[in-house]
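Report on one structure; see the data block that follows.
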Protein chains: 2
Amino acid sequence: MARAAGVSAKTVSRVVSGESNVAPATRDSVLEAALALQFRPNRLARSLRTGGVTTTIGFVVGDLSNPFYAAVAAGVERELARHGMTMLLAATEDDPAAERTVVGALLAERVRGLLLVPTAPDQSYLEAEQRLGTPVVTVDRPAHGLVADSVVLEDARGAHEATTALIDAGHRDIAFLGTSGTRSTQQHRRDGFRSALADAGLAAQPGHDLLGPYDDGLDAAARDLLAGQDRPTAVLTGDNRASASVVRALGTDLSTVAVVGFDDFELADALGISVVAYDAAAMGRQAARCLLDRLGVPADDAETELADVPPRTVLVPTRLERRGSLASTSTP
Amino acid sequence: MARAAGVSAKTVSRVVSGESNVAPATRDSVLEAALALQFRPNRLARSLRTGGVTTTIGFVVGDLSNPFYAAVAAGVERELARHGMTMLLAATEDDPAAERTVVGALLAERVRGLLLVPTAPDQSYLEAEQRLGTPVVTVDRPAHGLVADSVVLEDARGAHEATTALIDAGHRDIAFLGTSGTRSTQQHRRDGFRSALADAGLAAQPGHDLLGPYDDGLDAAARDLLAGQDRPTAVLTGDNRASASVVRALGTDLSTVAVVGFDDFELADALGISVVAYDAAAMGRQAARCLLDRLGVPADDAETELADVPPRTVLVPTRLERRGSLASTSTP
DNA sequence: TTGTAGGCGTTATCAC
DNA sequence: GTGATAACGCCTACAA
């Protein structure tokens, strides 16, 4: 390519890198030749020379077909693209044993940073990598055995607020249906549920405080909870999957039990179901921003240098979206 | 690293590349040193040396927060991961003008192949790249101005089948609500709708054959369609966004108008809404497989060499998921 | 303003 | 079975 333009490789490099000290005439002829030869600078070679500094970041997600993670990924992609970086996406299929392999594959691609939804019980294996200069930010859940930035929801506060709203609406027998006792988010949401009950001098009825883990049995658990004689007058779900199961269990007859879902979901508004909502895409954007801060890529409204601040935990706020479902015909 | 193991760089290369002609003893000491030093082979350097052959493929999608595209992406990722490849994901935000830039960014990363949901009106700009050896497969829609493999739904057939089912249920005034006249999928679905009506000697009533494009006005369009005096007795939607708008327009009073949605969606079963369903993840898997075929990566059940077959169009089947909504109280 | 030398980590080639 | 050498395409450093 360089020879085709009648200049040295270095001059081509200068042109494509946008360096200033090139004669306009030279620049033009180089650009012309580049166009003719379909020349595209090789970012791989550049990364190699500059010491493995790539423009890709890795995002390890559990299951992309979950709308929540998809929305987070959309936010990540968007924020990265704004800074000329791209997202290498890998999924663990929610298999804890797969996490390390998947992370390894991304690191072998020399990603410049790592975003991770932790699935494995322990992330200490990342410590060495972190020290070698690859920043790690966890999303949705904090890491275990690793000090890292994390972007998480106000799980407990959101659940507390929702539960309190149900209590204020007159409910006394409120149930919680979580999906997985091994997930810290589900635990925190139940904690918020319990503390709100306790604050009102109440407690969950036996069998009305469920945390799973349910794999395929979620629909059945919802049916059991809502079909019995002693069914609760209100339910708070642990996530959008649980919300879907509750709707399936109740059919379209949503007026008999008050429902608040954790996670907003499509049609929740049409069905009049109250939800604990938040901006999932913003979560992704904030996580990406955390990583970019560590990499020294300034934000648009750049003020201070954030590459060396101590590990941060960014709390993403939730808001209770009040819809018809807060009350119900069986309200006492 | 090589020196630490007391061998040459080439021997390390042989070990990590899994070549056979290495003494077991040597191999062990190399692996031991690699473990101790946190050694990770640099795929960038490898790609450089081997001529730009990377293990990443690029997937250009419109909007990841659409559950359909997210599911396709999940399928792509999964199939690629099975063969040790990773997915570089970029989004056009459904902006036709952004497509070329986004594709360019992926090509600069030297992706080995390209999966693309076409958004721009023309993809001929990819022809040179294709000839240079980067295979291109389009997903959901065929390319314009470019001969490439594509994986698409049986849009017309699916819509035809759904419409016929509504006719068979006794409906005569059936409406179609599509979201975008500039999308070939929406056009094909309406074509299927119209041909089914024609086959029965019917035609859509004025204003009951809508194709958009609606950006923010989709909810309003659904309300207008379903609120009037001359509202149809049945509706076929063009996609999941239109289905959501229809449900919002009808509220939970879904019994007054029969609805069939194109695209399955969460809770469609709970709401008793019939849908034209298909396996979106399988679509992604098939698209990835097309690309891998072109790259000479054999399938598990490898039979023939598919790298050089003429461009294929893979049709992904749809199936009508019959639920309560096929009939309605206003059925004639 | 432009060019030359050298090397990033890997692998192909050809020796030993 | 193993190693020395060169080269992939680019950039840093230093000349010219």
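Chain letters run A, B, ... following the sequence lines, proteins first and then strands; every chain starts at 1. All values below were derived from every heavy atom in this structure, side-chain atoms included, with hydrogens, water molecules and symmetry-related copies excluded.
- When the side chain to side chain donor-acceptor pair (under 3.5 Å) test is applied to A/Asn42, no partner is found at least two apart in sequence or on another chain.
- The distance from the CG atom of A/Asp63 to the CZ atom of B/Arg78 is 9.5 Å, given to the nearest 0.5 Å.
- Take B/Arg43 and apply the salt bridge (charged side-chain N to carboxylate O under 4.0 Å, His left out) test, not counting sequence neighbours, and it matches A/Glu109.
- Comparing the axis of the opening five pairs of the helix from C/dT1-D/dA16 to C/dC16-D/dG1 with that of the closing five pairs yields an angle of 40°, rounded to 10°.
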For a quick test of your reading: what N or O donor-acceptor pairs under 3.5 Å do the side chains of residues 282-289 of chain B make, sequence neighbours left out?
unit_1, atom_1, unit_2, atom_2, d
B/Arg289, NE, B/Glu79, OE2, 3.1
B/Arg289, NH1, B/Asp293, OD1, 2.6
B/Arg289, NH2, B/Val297, O, 3.4

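- Smallest separation of non-hydrogen atoms from A/Arg46 and A/Pro41: NH2-CB, 3.8 Å.
- Separation of atoms CG (B/Leu126) and OG1 (B/Thr134) is listed at 9.0 Å; rounding is to 0.5 Å.
- If you walk DNA chain D from 5' to 3' and mark each nucleotide with an atom closer than 4.0 Å to a heavy atom of chain A, the marks span D/dG9 to D/dT12.
- Residues of residues 13-30 of chain B that place a heavy atom closer than 4.0 Å to DNA chain D, in numerical order, are B/Arg14, B/Asn21, B/Val22, B/Ala23, B/Thr26.
- At a threshold of 4.0 angstrom between heavy atoms, the contacts of B/Val7 are confined to the sugar-phosphate backbone, with no base atom among them.
- Between the A/Arg14 side chain and the A/Ala9 main chain, no donor and acceptor come within less than 3.5 Å of each other.
- Close approach of DNA chain C to chain B, defined as any atom under 4.0 Å from a non-hydrogen atom of the protein, starts and stops at C/dG9 to C/dA12.
- Ionic pairing of B/Asp94 and B/Arg183 is present here: one or more N-O contacts between side-chain nitrogen and carboxylate oxygen are shorter than 4.0 angstrom.
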Side-chain donor-acceptor contacts of residues 140-147 of chain B below 3.5 Å, not counting sequence neighbours, with atom names and distances?
unit_1, atom_1, unit_2, atom_2, d
B/Arg141, NE, B/Pro118, O, 2.8
B/Arg141, NH1, B/Tyr69, OH, 3.4
B/Arg141, NH2, B/Pro118, O, 2.8

For residues 25-32 of chain A, which side-chain donor-acceptor pairs fall under 3.5 Å, sequence neighbours excluded?
unit_1, atom_1, unit_2, atom_2, d
A/Arg27, NH2, A/Glu19, O, 3.4
A/Ser29, OG, A/Thr26, O, 2.9

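- For the segment residues 33-40 of chain B, no residue has any heavy atom less than 4.0 angstrom from an atom of DNA chain D.
- Residues passing the ring-ring contact (aromatic ring centres under 6.0 Å, His included) test with A/Tyr278 are A/Phe68, sequence neighbours excluded.
- The OG1 atom of B/Thr86 sits 4.0 Å away from atom CG of A/Leu88, with the distance rounded to the nearest 0.5 Å.
- Counting only residues at least two apart or in different chains, side-chain hydrogen bond (donor to acceptor under 3.5 Å, both in side chains) contacts with residues 116-130 of chain A comprise A/Glu99-A/Gln123, A/Glu99-A/Tyr125, A/Asp122-A/Ser124, A/Glu127-A/Arg131, A/Glu129-B/Arg40.
- Going from atom CG of B/Asp149 over to atom CG of B/Leu291 covers 8.5 Å, rounded to the nearest 0.5 Å.
- With rounding to the nearest 0.5 Å, the separation of CG in A/Leu295 from CZ in A/Arg112 is 5.0 Å.
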